[in-house]
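Okay, structure first, notes after.
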Amino acid sequence: MSDRELKKGSAELLVLSCLEARPRHGYEIGKLIEARSNRRIQFRIASLYPILCRLEGRGLISGRWIERSGERRRRYYRLTARGRKFLEAERTAWGDFVATINRVVSSTYA
Amino acid sequence: MPSWVEYVREHLSLPNCRPEREAQIVEELAQQLDDAYQEALESGLSEQEAFSAATRHVCDWPALANDLMHAGIGRTKRVQLPLSDQHTPPDLNQRPSPPGPGSPGDLSSSDSSTISKDRRVRISQMMDTVRQDLHYAGRMLAKKPVFTLVAILTLVIGIGANTAIFSVVDSVLLRPLPYPHSSRLAVVWSVFGKEGRAPSSGPELISLRERSRLFEQFAGIWVQSGALTGRGEPERVSLGLVTSNFLSLLSAGPQLGRFFLPHDEGQGAAPVVVISHELWQRRYGADPRIIGQPVRLSGELCTVVGVLPAGFKLIFPEGASVPAHIDVYIPFQWDLAKQSRDQGYIRIIGRLRDGATIQQAQAELDNIASQLRSEFLEYSGQNLHLQALSLQGDVAHNVRRALLALFAGTAFVLLIACANVAMLVLSRANERRDEITVRAALGAGRARIIRQLLTESVLLSCLGGIAALAVSWGILRILWVLQPAGIARMAPTGLNLADLVFNLLVSVFCGILFGLSPALEARGLDLASMLRGASRSTGGNKRLSRQLLIGCEVALTFVLLTSSVLLIRTFADLLRVEPGFNPNNVLTFQVSLTGVRYPTRDAAIQFIREAQRKLSTVPGVQSVGVVSHLPFDDNLPNWYDYYWREGAPQQEQNTLMADHRSVSAGFFDTLRIDFVAGRDFDSADEVANRKVVIIDDSLANQLWPRGDAIGKALNVENGDFVRDVAEVIGVVKHVQYHSLTNQVRPQIYLRYPMAVRANMSFVVRTNASPETLVPLIRRQVADLDKDLPVANVRLMDDYVSDARMSARFITVLCGSLGAIALLLSCIGIYGVTSSAVADRTKEIGIRMALGAQRYKIMMMILRAGMTPILTGGLLGFALSLALTPLLSSLLFGVRPIDPVILFSVLMFLFFVGLSASSLPALRVIRGNPITALRCE
């Protein structure tokens, strides 16, 4: 599976996990993913922004405009309660999936 | 520094987004681009390079717009307020003040256009998704061509049979009759004692016209036959004697000329005729100048005043003796009111006033009948009642039950087919689970997966539905060939729009039905457990679904098989039933001795005698007889009337009715009708002109149960509506005249010259094949009268075969349905057992490796396979007990609940199930346990 395909399938999971600790604005989320993946995963704005809109539409995150002193106002996203539950379930499933794949790809016997 | 807001506004077009939402999106994207730009500058790039780096984040703006629309920004209705840090929800109690005209908040017009755009976008998104689903479903089906083909073939059988039978049901029971205001047409029957559907007399028709308030009009018809002579070959034609309003009641207008006017009817009116479109084309070459021309009808000159439109036919209930196609219509040439009150010969139809119901009409007719009984002695003696039935309902009364039974049968076959396809789909569940797991892991929602599965099954089913149209068309052609009378009258010629709509609905219904089980399974998807490796397990749910499906299949097959066997038994009994005569090697034909060519009784009697004599001299002819009505010939009105023992008290008269037949000497011998007592007519009777009759054994038993009928005097009707007393000289076996199964009335045979009828049929028994004698017979008749048409030349065998037609029709169809159901069930049972065994191969391998005995494993597999079969069999047994009594009106010689048949079907299904389950079990236990163990 190429990086691109992996990213496509797991993008929502990545975004949600970035919001677990605290609310973040869109560009910050992209940068955080990049940093956490050691620049292996990079999102362009064109890919990330529709994901944010979609997650917000599904009620998993909610966005709010916040103005901080000396800064432009920005739209910050935070996890909703539903999003938090969803993230937990997805994280477990992902772990199982990866473990399953690992079991298969690391098998050396028939 | 670039103005990113302007840059985004320039590139991003979101026509279907609310303006305030669009503004937020623009702002947010601009910020993100600015963030990227600032970051690039900070990393040491030039402004130009930083600008390029930032803009690379969005290379394809239309694609981004599309993604955003798919992400749902187009349909959002929530007001996204540009909130500050202290976000407060809008005060719902405070009604916003209406913005003034021209104010920036005046969005009413753009709002509505946004909403309609919004709807358009939503529809277009939906269509997009459907298109994607269909595309994907098509690919999935194409990837498994064998599965797809088998599923489609199974569905074709079920949907095809259903569409065909629906087409028949629609055309026979549902579609309105092709007459103006057909829903208001009613047929009126006279009821005397046991005679429920008798014709009415002229005075009855006139009384109805005078007294009814709920009927707009009444019309009547009496069918006879006549001969067209003059131009071309003499031709016997069917003749409809009608009231002057009859044709205008049933047809919107003539093709040429006019219909009858009131002055065309009655004594002394100039004879005028309206001819059928077919006769006009066949005999007169579609010559429009025929209007106003005289034609010679049974020797009398009549003027043609009109031609009926093409395709016009009479649709009357069976037993009314009104054929669908009548060549010539002529108004009654006598005054109906002045006819005798007990001469019933007219079939009456009426048109109800707008808004009147058939129940109201019946109440009115009850009232009129009661008045007539109190006013006229004839009616009180006959205990006259009148019955009004909707024409549409009554024409199908004898086929309704059979058709509905067939419809139910085809629905059963369809359900069995659906169950089979559902099992096929379930058998693919394992591989689909893997695929579904991957799709779910890659982010597909549950609803999307369920929708995709259903799209696949509906697509499969619709493909089956399209292919089924060809099958339906073929079945309709077969039905057309088998056509029994009641259905032939309105037989469909092809599939119409209603049938296509039905086909589509059934297809979609089936798709959802068999798509349900995998979709339900997908509903309960638990990604985590699926990924943990549960995908290979043979879940209890799956096994239960299969067992349920098999059980239902076996139950439905049981009912269909039981019904088929009952109907096949009926047909077999009908083949064995003796009609009371021997129809083999008997040729029949009819002559009509009426009009100016045979103005007197003597002329007709002379012709019949001569013809009988000449025909008996033809080589190969064994014997010749003459009769007024052939058995099973419904084309002429039946002749039946009251009879009583001479000297019977008044109250016993006018209570019993018998079919009256005028027959010559030689008739009984020719048809091989056995004498129980007495003798046939002979020449001495003729010389002495004795008034003698022969009666059938059922009448003899009724009046003279001690067996002393011979020599007794019987009061009969002599053919001219005149009562006469005749001596009984013989008793013959009862002949089934109207139906093979029902004994309708007893029979009285009058000696031919004593009762002279206009239409007579010859019966000719031959040594050799009767068909070869037809030219010789025609020549003999032409020698006597070259202008006399010889009509309805048919074998007596054909009449008997027609009488079996209805039963054959139902038997063939129901038998086919039973066979199809059985085949589908066998395939289903075999498939399920194979699949269940395949799922347990590893387990079986382990058991065998651990030393389990093969026969025990075999028993284990058989037990699992046979449980649903036996349960389904018992359920089918119970269903049959409830449902087969509904078939009782279609059965003959067999009871609807026949324990032998029920137990035979149960045993049969048991053995079929056992065989289908044994094959896969045998295959596994004969195999190598190691192979089984390695099986994944």
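To find a chain, count down the sequence lines: A is the first, B the second, and so on, and within it residues start at 1.
Counted by atom type alone, B:Q32 and A:Y49 present zero donor-acceptor pairs between their side chains at under 3.5 Å.
Listed by first and then second residue, the salt bridge (Lys or Arg N to Asp or Glu O under 4.0 Å) pairs that reach into residues 31-41 of chain B are A:K31-B:E39, A:R72-B:D34, A:R72-B:D35, A:R74-B:D35, sequence neighbours excluded.
Counting only heavy atoms from C-beta outward, the side chains of B:Q31 and A:Y27 never approach each other to under 4.5 Å.
Identified by a heavy-atom distance below 4.5 Å to chain A, the contributing residues of residues 42-61 of chain B are B:R56, B:H57, B:V58, in residue-number order.
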Quick one, A:R75 with B:E27, criterion side chain to side chain contact (heavy atoms under 4.5 Å, CB included). Give me CA distance, side-chain angles, the key distance, then yes/no.
CA-CA 9 Å; A:R75 197 162 159 80; B:E27 187 182 346; over 6 Å; no
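With hydrogens and angles ignored, the 3.5 Å screen pairs no side-chain donor or acceptor of B:Q24 with any backbone N or O of A:W65.
The heavy-atom pair separating B:L68 from A:C53 by the smallest distance is CD2-SG, 3.7 Å. Pairing each heavy atom of B:L29 with each of A:I45, the nearest pair is CD2-CG2, 3.6 Å.
Residue-environment remark: CD (B:E6) stays at or below the threshold of 12 foreign heavy atoms within 6.0 Å.
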